[in-house]
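One structure is given below, represented as structure tokens, and several questions about it will come after.
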Amino acid sequence: MDNPFKNTNFEENKEEAETAAENTEIENEEKIEEKEQPEETNPWQEKYETLNNQYIRLAADFDNFRKRQELERENLLKYGAENTVKKLIEVLDNFDRGAKAIETVEDCEKVKECFNLAYKNLNDVLGKIGLEVISAEGEEFDPNLHEAVMQTPTDEKPENTVITELQKGYKLGDKVLRPTLVNVATAP
């Protein structure tokens, strides 16, 4: 009679488990051997990775440069006139002093004197900044500097000569801020 408590499957499972354990050990040993052997490296792959890393760094550097330039441009637009305005504040101070000085003055000459001092001070500051008056009267008409609003036929002046200046023109360095409005002589 067979033993009812004996599990034949148990012995078979035990053998299978031992076989599986042996196989796992063999696989682990193979993996260890594979790791011990140096992987074959592809020189093209290494070069690609190096160049790709350089490209990524360069792109990041360029992006940072672009952001810095944008910030500098914004600051220039925002605060570029700072030095000019600081110089003009002096002129405002002189106008304030002149206004206080002429409150009690009844002499017209004193008022003229205050006005002339403030006007001269303003012209000096604007000259230091680089603002220049465009000379016109008696000069040959230049469409880059002058704007002809009138033409007068005359024999007294050569043709294309500015007879009168109707409104002053200004330039800052080489850039014309406002052309001079002029009357130009033409042939009769």
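Model, not experiment: these values are computed from the prediction. Just the heavy atoms: all of them, side chains too, but no hydrogens, waters or symmetry mates, feed the values below.
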Practice task
State yes or no: do Val133 and Leu88 share one hydrophobic cluster built from I, L, V, M, F, W and Y residues joined by side-chain heavy-atom distances below 4.5 Å, directly or via other members?
Solution key: yes
Handout entry: Lys/Arg-Asp/Glu bridge criterion (N-O < 4.0 Å) met for Asp124, Lys128
Key = no
Handout entry: Glu46, CD: over 12 other non-hydrogen atoms inside 6.0 angstrom
Key = yes
Handout entry: Side-chain heavy atoms of Val184 within contact of Thr161, under 4.5 Å
Key = no
Exercise for the section: Indicate, with yes or no, if Ile134 and Leu166 share a hydrophobic cluster defined by side-chain heavy-atom contacts under 4.5 Å among Ile, Leu, Val, Met, Phe, Trp and Tyr. Expected result: no
Fill in the blank from the handout: Value for NZ (Lys157) from OG1 (Thr164), rounded to nearest 0.5 Å, stands at 9.0 Å
Practice task
Can you measure from CG (Leu172) to CD (Glu132) and round to the nearest 0.5 angstrom?
Solution key: 8.5 Å
Handout entry: Lys171 backbone acceptor or donor facing Arg178 side chain under 3.5 Å
Key = no
Exercise for the section: Indicate if Val125 and Leu131 have the same hydrophobic cluster label, given that clusters are the connected sets of ILVMFWY residues with side-chain heavy-atom separations under 4.5 angstrom. Expected result: yes
Completion exercise
The reported gap from CG in Leu126 to OH in Tyr170 (rounded to nearest 0.5 angstrom) is 8.5 Å
Exercise for the section: Using a 4.5 Å cut-off on heavy atoms from C-beta on, say whether the side chain of Val162 contacts that of Thr180. Expected result: no
Practice task
Using a 4.5 Å cut-off on heavy atoms from C-beta on, say whether the side chain of Asp61 contacts that of Phe65.
Solution key: no
Problem - Taking every non-hydrogen atom, the tightest pair across Pro158 and Ala185 - result: O-CB, 3.6 Å
Fill in the blank from the handout: Between His146 and Ser135, the two heavy atoms sitting closest are NE2-O, 3.3 Å
Handout entry: Verify same cluster id: Leu117, Leu122 (apolar side-chain graph, 4.5 Å)
Key = no
Fill in the blank from the handout: Partner of Phe141 under side chain to side chain contact (heavy atoms under 4.5 Å, CB included), picked from Val182, Ile163, Asn183, is Val182
Fill in the blank from the handout: Heavy-atom closest pair (Asp155 atom, Pro188 atom, distance to 0.1 Å) is OD1-CG, 2.7 Å
Problem - Check ion pair Asp63-Lys67 (N to O, under 4.0 angstrom) - result: yes
Practice task
Flag yes if Val176 and Val149 sit in one hydrophobic cluster, no otherwise; membership is Ile, Leu, Val, Met, Phe, Trp, Tyr, and two members link when side-chain heavy atoms are under 4.5 Å apart.
Solution key: no
Practice task
To the nearest 0.5 angstrom, please state how far the CD1 atom of Ile89 sits from the CG atom of Asp96.
Solution key: 11.5 Å
Practice task
Name all residues meeting the salt bridge (charged side-chain N to carboxylate O under 4.0 Å, His left out) criterion together with Lys86; count only those two or more places apart in sequence or in a different chain, and write none if there are none.
Solution key: Glu82
Practice task
To the nearest 0.5 Å, tell me how far Glu49 CD sits from Gln54 CD.
Solution key: 12.5 Å
Problem - Approximate separation, where rounding is to 0.5 Å, of Gln69 CD and Glu74 CD - result: 12.0 Å
